[in-house]
Q: 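If you scroll down you'll find the structure; I have some questions about it.
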Amino acid sequence: PIFHGWIIDNFRLKVFALILTSLVYGIVIAGRSYERELYFSVAIDGVAEDQVLVGEPPEVRVRLSATPGGFSALGDASRRVIHLAMPVSGKGQFHITDSDLHLPRGVKALAITPEQFNLRLEKLVTRSLPVRVEQRGTPAGDHQVLSLRPIPDKVQVRAPQSVFATLSTLVTEPVNLEGRAD
């Protein structure tokens, strides 16, 4: 009998309080955010076919805050790509902001690492370079090497223009002559 009065007295008010408590709890839980670290790859747009990037764009680590559903909206790693445009000058200092991430609603970037990086664009050049054979070791007995000649003796090389400032000859892998008699 004591419990009966406890349940029946102000029954409508108790039901209303229970519904209101459940709603507030649901709102608090739904609005709760979680943090997670995800990686984004960087794609540089606007690179012509006769040009090449010198250096690699970094992988960008982003610490995010979101509701549980917000993280699922980000999708898998193949969809997490930051597209940046290469400046016309060919040199670029890129600064990554929240807007570059194209985050879905309810997802917020807390930290981006690295926030900035540099890349350079160079013209691809083709040059004909001589090939030199490198030898290692000594032949067996009285044998001697009179000449080692690469075939072909010149090759076409396509590379960024700056590579040719330090590259004038191509050297083969060492040819091991140690103990050879043929």
Q: Would you confirm whether Thr126, through its side chain, and Arg158, through its main-chain N or O, come within 3.5 Å as a donor-acceptor pair?
A: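 Checking the backbone N and O of Arg158 against the side chain of Thr126, no donor-acceptor pair under 3.5 Å is found.
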Q: Between Asn118 and Gln93, is there a side-chain heavy-atom distance shorter than 4.5 Å?
A: yes
Q: Should Leu119 and Val163 be regarded as members of a common hydrophobic cluster, given that ILVMFWY residues are connected when their side-chain heavy atoms come within less than 4.5 Å of each other, either directly or indirectly?
A: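 They do not share one cluster, since no chain of ILVMFWY contacts under 4.5 Å joins Leu119 to Val163.
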Q: State plainly whether one hydrophobic cluster holds both Phe40 and Val81, where clusters connect Ile, Leu, Val, Met, Phe, Trp and Tyr through side-chain heavy atoms under 4.5 angstrom apart.
A: no
Q: Which value, rounded to the nearest 0.5 Å, describes the distance between Leu23 atom CG and Leu18 atom CG?
A: 10.0 Å
Q: Check step by step if side chain to side chain contact (heavy atoms under 4.5 Å, CB included) holds for Val52 and Val47.
A: CA-CA 7 Å; Val52 67; Val47 177; 6.0 Å; no
Q: Flag yes if Phe11 and Ile19 sit in one hydrophobic cluster, no otherwise; membership is Ile, Leu, Val, Met, Phe, Trp, Tyr, and two members link when side-chain heavy atoms are under 4.5 Å apart.
A: yes
Q: Are Ser41 and Glu59 side-chain neighbours, meaning at least one heavy-atom pair lies under 4.5 Å?
A: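 A side-chain contact under 4.5 Å is absent here.
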Q: Show, in sequence, the C-alpha distance, side-chain angles and deciding distance for Leu84 and Ile44, and conclude whether the side chain to side chain contact (heavy atoms under 4.5 Å, CB included) test is met.
A: CA-CA 5 Å; Leu84 301 173; Ile44 305 298; 4.1 Å; yes
Q: Do Leu124 and Pro160 come within less than 4.5 Å of each other through their side chains, counting heavy atoms only?
A: yes
Q: Considering all heavy atoms of both residues, which atom of Glu134 and which atom of Val171 are nearest to each other, and what is their separation?
A: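 Answer, listing the atom of Glu134 first, then Val171: OE1-CG1, 3.4 Å.
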Q: Which distance, rounded to the nearest 0.5 Å, do you find between the OG1 of Thr113 and the CD of Glu115?
A: 7.0 Å
Q: Rounded to the nearest 0.5 Å, how far does CZ of Arg61 lie from CG of Leu38?
A: 11.5 Å
Q: If you look at every heavy atom in Arg80 and Tyr39, which pair is closest and at what distance?
A: NE-O, 3.3 Å
Q: Kindly work out whether a path of hydrophobic side-chain contacts (I/L/V/M/F/W/Y, heavy atoms less than 4.5 Å apart) joins Val175 to Leu170.
A: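 No.
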Q: Determine, stepwise, if the pair Thr97 / Ile112 fulfils side chain to side chain contact (heavy atoms under 4.5 Å, CB included).
A: CA-CA 8 Å; Thr97 64; Ile112 300 171; 5.7 Å; no
Q: For the residue pair Gln144 and Pro139, what are the closest heavy atoms and their distance?
A: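 Between these two residues, the closest heavy atoms are CA-CG, 4.3 Å.
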Q: Taking Gln161 for its side chain and Lys123 for its backbone only, find out whether a donor-acceptor pair lies under 3.5 Å.
A: no
Q: In Å, rounded to the nearest 0.5 Å, how long is the span from OG of Ser168 to CZ of Arg127?
A: 11.0 Å
Q: At their closest point, which heavy atom of Arg149 faces which heavy atom of Val133, and how far apart are they?
A: C-CG2, 4.1 Å
Q: Looking only at heavy atoms, what is the nearest atom pair of Pro114 and Pro58, with distance?
A: CG-CG, 3.9 Å
Q: With the side chain counted from C-beta on, respond yes when Leu148 and Leu177 share a heavy-atom pair under 4.5 Å apart, and no when they do not.
A: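 Yes; the side chains approach each other to less than 4.5 Å.
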Q: Can we say Arg136 and Glu178 salt-bridge, meaning some charged N sits less than 4.0 Å from an Asp/Glu carboxylate O?
A: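 Salt bridge absent between Arg136 and Glu178.
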Q: Do Leu64 and Leu110 share a hydrophobic cluster, counting only Ile, Leu, Val, Met, Phe, Trp and Tyr and linking them when any side-chain heavy atoms are less than 4.5 Å apart?
A: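 No; Leu110 is not reachable from Leu64 via cluster members.
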Q: Any ring-ring contact (aromatic ring centres under 6.0 Å, His included) involving residues 115-167? Give me the pairs, sequence neighbours left out, ordered by first then second residue.
A: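 Passing the test, one end in residues 115-167: Phe94-Phe117.
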Q: Provide the closest heavy-atom pair for Leu103 versus Ala109 in the form atom of the first, atom of the second, distance.
A: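 Minimum heavy-atom separation between Leu103 and Ala109: CD1-N, 3.7 Å.
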Q: Hey, is CD on Glu56 packed in by over 12 heavy atoms from elsewhere, all under 6.0 Å?
A: no
